[in-house]
Amino acid sequence: MQLVPTKREGRATLEEHSHHMTPSHQVSRWQSFKTSMTMTMGMEHTGIAGREMARLMELDIRRKFFFALILSIPIIVYSPVGAFVLGSRPPAPIPIPLLLFILTTPLFFYSGWIFLYSSYKALQQRTLNMAVLIAVGITASYGFSVVLTILGSRDSYYEATALLVTFVLFGHWLEMKSRRGTTDALQALFNLVPPQARVLRNQREELVPTSEVKIGDIIILKPGDRVPVDGKIIEGETSIDESLVTGESIPVSKKPGDDVIGGSINQSGSVKFEAAKVGEDTALAQIVKLVETAQNSKAPAQKLADRFARYLVILAIGSGLITFLFWSFVMRQTLLLALTFAISTIVIACPDALGLATPTAVAVGTGLGAKYNILIKDAPTLEQISRIQSIVFDKTGTLTQGKPKIVDIAVAEGIDENDALRLVGAAEIESNHPLSRAVLEEVERRKLVLPKKIEQFENLLGLGVKAKVEGRQLLVGTPKLMKQKGVDTSALQKQIDAFLQKGETLILLAVDRRLSAVIGAADPVKPTARRAVDRLKELDIETAMITGDNSGTAQAVANTLGIARVFSEVLPGDKAKYVKKLQEEGKFVAMVGDGVNDAPALAQADIGIAIGAGTDVAIETAKVVLMKSDPADVLRAIRLSRATVSKMKQNLFWASFYNLLAIPLAAGVLYPSYGIMLPPEISALLMSASSIIVATNAVLLKRTERSLVAI
């Protein structure tokens with residue numbers, strides 16, 4: 001329902017909390033409030049100010065509800081309902097109709113004003129929504145009662161006005177509490193950022209608000225401090241607990257050159273780091289923004305429900321009018337009875353439950369995903385994950401640790417292991433590939449000195465590198481590269497076959513077009529990878545692995561994991577083609593990867609899933625981000641999606657069934673035969689109850705947490 005507070009009310013409410021804010025925060029919150037003048041309940045509340053506005057609106061709704069509740073008690077006591085329940089009305093100091101008018105009028109204009117104003121704004125925009133229905137119901141009952149009072153009649157609908165406003169406010173207050181509860185995890189993330197930072201300025205340490213930290217500032221971290229912004233360490237060593245941000249439980253050692261993430265906790269040493277990302281650009285802010293965007297986006301099912309809800313508003317008003325005309329002119333009943341049926345029909349037909357059916361499920365689902373470090377970028381993605389039929393995993397860094405180590409070296413005559421490592425290390429020094437890092441780590445471990453003069457360097461994408469080192473022409477790369485360049489590998493073929501048999505990834509070195517060395521690197525499989533693949537099979541989801549490695553290494557890893565379909569020796573630019581091949585087989589395909597070279601495949605897939613430890617390009621391209629870099633989180637995302645879609649369907653069924661059943665009942669279909677009728681106040685109660693049921697059912701999605709843990 002569109003609930004739009006007035007500017008006067010908003011300013012007063014905002015001022016009550018202004019003592020908690022800096023001047024810049026007050027401005028941003030006031031700007032947010034002006035935006036909220038046209039917002040719809042359940043629509044976008046992004047950023048700190050947006051969540052603050054949602055909280056302030058909830059407080060305003062609660063205040064209006066209790067005001068209405070207090071006045072409703074004497075209104076009911078002096079109404080015909082009270083007389084029926086109590087046996088008689090208590091003595092009144094003034095005529096009862098006048099007393100009811102005095103009690104109902106402030107309730108109508110204060111507690112009910114939010115519906116009146118919201119419906120006015122909706123009609124200005126030429127839209128019909130649920131606020132219009134409520135406004136029509138309370139205005140008709142109150143206005144007709146005032147006319148009857150002026151005419152001297154003892155009949156009235158004051159109790160219908162009071163209870164209608166009270167029940168609807170109560171229902172929406174509970175809905176807002178339920179919806180706000182789904183963002184508590186996000187608020188907790190925001191609270192990870194410390195309010196102040198130690199900044200080194202003019203060679204002096206100063207405490208400044210975190211919001212005033214600028215890119216390039218040098219920040220001092222002491223043991224126990226929370227990291228205020230993202231940056232890179234320039235001095236000192238420490239270990240940092242990043243579990244609340246990345247989900248990794250073990251503290252990470254940090255030294256100069258390493259990145260730090262805002263919100264993490266410095267555990268031991270004192271370090272200095274340079275601020276690289278501040279404000280909305282930090283990783284923590286991007287995580288929160290991502291989840292908020294998902295919660296505020298609309299799933300395909302919700303778009304259909306919204307379209308149906310608009311027609312239902314027209315149906316409700318039309319049904320109320322037809323009901324009034326039918327009972328007045330066809331059945332020739334009293335004006336009072338005809339108006340009772342009409343108001344009840346309009347009120348009970350409010351598509352509140354339909355409007356809440358999927359947004360509540362989406363909010364809970366994305367919030368639960370964020371709790372387990374599964375970031376889903378929008379509601380359509382959350383819904384579509386449940387449709388996945390085939391998943392393609394990139395091997396290195398996704399199914400494996402992505403940190404290979406050199407385990408075997410075989411050399412030809414005329415060269416020793418150390419010399420081979422020096423030459424390979426010199427050729428690979430500019431590369432960020434995991435295999436290159438493994439070679440350089442081995443060079444460092446053996447304390448070898450790399451050649452300084454490197455000439456004619458050329459990167460051969462997906463195959464290796466070409467360079468001239470110490471006057472010798474080097475080729476460093478895959479067996480496929482050697483084959484393309486016509487290098488004979490027969491001299492070391494037995495060693496090549498033996499390394500492949502053990503599932504090692506090969507780096508071949510050719511010096512002056514002669515194969516000189518074969519280096520074998522092993523990249524351990526992630527502990528949860530095999531279990532995740534097995535569980536995916538149980539869900540009838542096909543798994544495939546794609547890699548640039550040779551077929552022998554790829555098949556060895558696939559056998560370890562139980563993956564039957566393997567695409568090996570795939571060049572980076574060709575990965576998307578293999579994803580497309582699966583799609584052409586009629587499958588709904590997800591791609592899981594972590595590198596720049598995975599970005600095209602992630603974009604090609606129906607669902608792109610990026611490992612959180614991957615590159616910014618991969619994360620930007622993907623629709624889902626797994627912050628823990630755990631392949632088991634793919635399975636968790638699927639289970640969460642299926643549970644969320646199930647809740648959406650349950651809620652949509654209940655909301656549709658409720659309206660189909662409630663409208664004829666409120667219109668009086670049972671009255672001629674059984675004398676059963678629903679007064680407006682009972683209709684309001686049922687309408688609110690249906691919305692609460694839908695919201696509560698969505699919150700029950702949190703039970704899925706058990707299945708997310710048990711993987």
Side-chain angles (χ1 to χ4, degrees), residues 248 250 252 391-410 421 424-425 428 431-446 462-465 476-481 495-509 517-533 543-563 565-572 575 591-598 601 609-615 618 626 628-634:
E248 298 293 345
I250 301 174
V252 182
I391 299 178
V392 182
F393 288 95
D394 175 56
K395 180 182 80 71
T396 305
T398 302
L399 292 172
T400 64
Q401 299 282 5
K403 297 179 180 179
K405 294 183 178 180
I406 304 303
V407 292
D408 281 313
I409 302 177
L421 280 170
V424 174
E428 298 276 17
S431 174
N432 286 323
H433 192 280
L435 288 177
S436 302
R437 292 197 296 270
V439 171
L440 294 173
E441 285 175 2
E442 183 65 15
V443 167
E444 185 178 351
R445 189 182 71 82
R446 297 190 182 200
L463 297 173
V465 298
V476 179
T478 65
K480 188 175 182 179
L481 173 63
Q495 290 87 342
I496 291 174
D497 293 339
F499 292 177
L500 290 177
Q501 188 68 30
K502 292 189 287 185
E504 296 174 11
T505 300
L506 303 184
I507 305 172
L508 276 62
L509 167 66
V518 178
I519 299 174
D523 187 5
V525 170
K526 290 183 177 179
T528 58
R530 177 60 192 251
R531 190 163 64 249
V533 170
T543 56
M545 187 181 77
I546 192 166
T547 179
D549 281 347
N550 62 76
S551 58
T553 301
Q555 195 59 56
V557 174
N559 291 340
T560 301
L561 295 171
I563 296 176
R565 198 163 186 177
V566 181
F567 305 122
S568 58
E569 299 183 29
V570 179
L571 294 175
K575 288 185 178 182
M591 168 70 190
V592 187
D594 70 329
V596 173
N597 57 13
D598 296 322
I609 303 175
I611 293 294
T615 64
L626 308 179
K628 291 195 296 184
S629 301
D630 184 354
D633 282 343
V634 175

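Remember, predicted model here, so these are calculated numbers, not experimental data. Position 1 is the first residue of the sequence; numbering continues from there.
Legend: residues meeting salt bridge (Lys or Arg N to Asp or Glu O under 4.0 Å) with R445, ordered by chain and number and at least two apart, are E442. Among residues two or more places apart in sequence or in another chain, the salt bridge (Lys or Arg N to Asp or Glu O under 4.0 Å) test is passed with K405 by none. Residues meeting the side-chain contact (heavy atoms from CB on, under 4.5 Å) test with V634, sequence neighbours left out: I391, F393, V592, I609, L626, I638. By the side-chain contact (heavy atoms from CB on, under 4.5 Å) test, N559 pairs with Q555, sequence neighbours left out. The side-chain contact (heavy atoms from CB on, under 4.5 Å) check on T396 picks up T400, P434, D523, with sequence neighbours excluded. With sequence neighbours left out, A522 forms a side-chain contact (heavy atoms from CB on, under 4.5 Å) with V407.
Residues L561 and R530 share a closest heavy-atom pair of O-CD, 3.0 Å. Between A554 and T547, the shortest heavy-atom contact is CB-CG2, 3.6 Å. The shortest non-hydrogen separation linking G425 to L440 is O-CD2, 3.6 Å. Shown here for L399 and P631, the closest heavy-atom pair between the two residues is CD2-CB, 4.5 Å. What you find for L506 and P479 is that their closest heavy atoms are CD1-CG, 4.2 Å. Summarising the geometry of L481 relative to V476, their closest heavy-atom pair is CD2-O, 3.7 Å, with the distance given to 0.1 Å.
Annotation: side chain of Q401 is in contact with side chain of P527 (closest heavy-atom distance under 4.5 Å). Counting heavy atoms from C-beta outward, E504 and I496 have side chains that stay 4.5 Å or more apart.
With values rounded to the nearest 0.5 angstrom, T528 atom OG1 is found 7.5 Å from D633 atom CG. For the atom pair OG of S568 and CD1 of I546, the computed distance is 9.5 Å after rounding to the nearest 0.5 Å. Taking CD of Q495 as the start and CG of L508 as the end, the distance is 11.0 Å to the nearest 0.5 Å. The distance from the CG atom of L421 to the CD atom of E428 is 11.5 Å, given to the nearest 0.5 Å. Here the CG atom belonging to D394 is positioned 13.0 Å from the CZ atom belonging to F567, to the nearest 0.5 angstrom.
Remark: the backbone N or O of M545 is not paired with any side-chain donor or acceptor of R565 at under 3.5 angstrom. Looking at K502, its side chain never comes within 3.5 Å of a backbone N or O of A556 through a donor-acceptor pair.
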Could you please spell out the steps behind the side-chain contact (heavy atoms from CB on, under 4.5 Å) verdict for D408 and I519? CA-CA 6 Å; D408 281 313; I519 299 174; over 6 Å; no
